[in-house]
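Computation of the quantities below employed the complete heavy-atom set of this structure, encompassing side-chain atoms and omitting hydrogens, waters and symmetry-equivalent molecules. Source: prediction; values computed, not measured.
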Amino acid sequence: MLKPEILDPQGQAVQRALPRLGFDGIADVRQGKRFELEVEGPVDDAALARIHEMAETFLANTVIEDFTVKVES
């Protein structure tokens, strides 16, 4: 997700469009991106650390984006 202090024109465009489409009551919209990774082998602490490093150095632009790593089974 974009950091809160970063301007989000796509999110603002969606927010402006929602009432025109009949969707009221949304105070703010922020857009972002999501990666789903399928890991070979167990998702242990070492695998999570490697994925976190991957996100920080390659998947996310940490100048303007925050990221989280979640494990779903």
Side-chain angles (χ1 to χ4, degrees):
M1 290 298 299
L2 291 172
K3 292 182 175 179
E5 64 272 19
I6 301 298
L7 182 64
D8 182 3
Q10 185 175 354
Q12 291 173 342
V14 170
Q15 182 183 5
R16 287 191 301 270
L18 289 174
R20 289 194 312 267
L21 298 171
F23 299 103
D24 294 321
I26 304 300
D28 192 20
V29 175
R30 301 286 290 173
Q31 63 85 33
K33 61 186 175 186
R34 173 181 168 158
F35 293 94
E36 294 185 2
L37 306 174
E38 188 170 322
V39 177
E40 294 179 356
V43 182
D44 54 16
D45 289 344
L48 283 174
R50 189 74 178 138
I51 292 168
H52 192 274
E53 179 185 3
M54 183 188 320
E56 189 169 36
T57 59
F58 180 67
L59 299 177
N61 178 350
T62 57
V63 173
I64 62 170
E65 298 172 325
D66 291 325
F67 69 91
T68 57
V69 176
K70 295 180 183 178
V71 177
E72 297 179 3
S73 52

Using the salt bridge (charged side-chain N to carboxylate O under 4.0 Å, His left out) criterion, which residues pair with K3? Sequence neighbours excluded. none

Keeping to residues at least two apart or across chains, list the salt bridge (Lys or Arg N to Asp or Glu O under 4.0 Å) pairs with something in residues 35-46. R34-E36

Heavy atoms of other groups near Q12 CD, more than 12 under 6.0 Å: yes

Applying ring pair (Phe, Tyr, Trp, His ring centres under 6.0 Å) to F23 and not counting sequence neighbours gives none

Roughly how far, to the nearest 0.5 Å, is the CG atom of L59 from the CD atom of E53? 11.0 Å

Given D8, which partner from the list R30, Q15, M1 fulfils the side chain to side chain contact (heavy atoms under 4.5 Å, CB included) test? R30

Under a single-linkage rule joining Ile, Leu, Val, Met, Phe, Trp and Tyr whose side-chain heavy atoms are separated by less than 4.5 Å, which residues share a cluster with L7? none

Applying the 4.5 Å side-chain criterion to the ILVMFWY set and letting contacts propagate, would I26 and L2 be lumped into a single cluster? no

Minimal non-hydrogen separation, A47 against P42, with atom names: CB-O, 3.8 Å

Mind checking salt bridge (charged side-chain N to carboxylate O under 4.0 Å, His left out) for E5 and listing every partner two or more places apart, or none if nothing turns up? none

Single-linkage hydrophobic cluster F35~V43, side-chain heavy atoms < 4.5 angstrom: yes

Please tabulate, for the side chains in residues 65-73, all donor-acceptor contacts under 3.5 angstrom to protein atoms that are two or more places apart in sequence or on a different chain.
residue: E65; atom: OE1; partner: N61; partner atom: N; Å: 2.7

Hydrophobic cluster membership, F58 vs I64, 4.5 Å side-chain cutoff: no

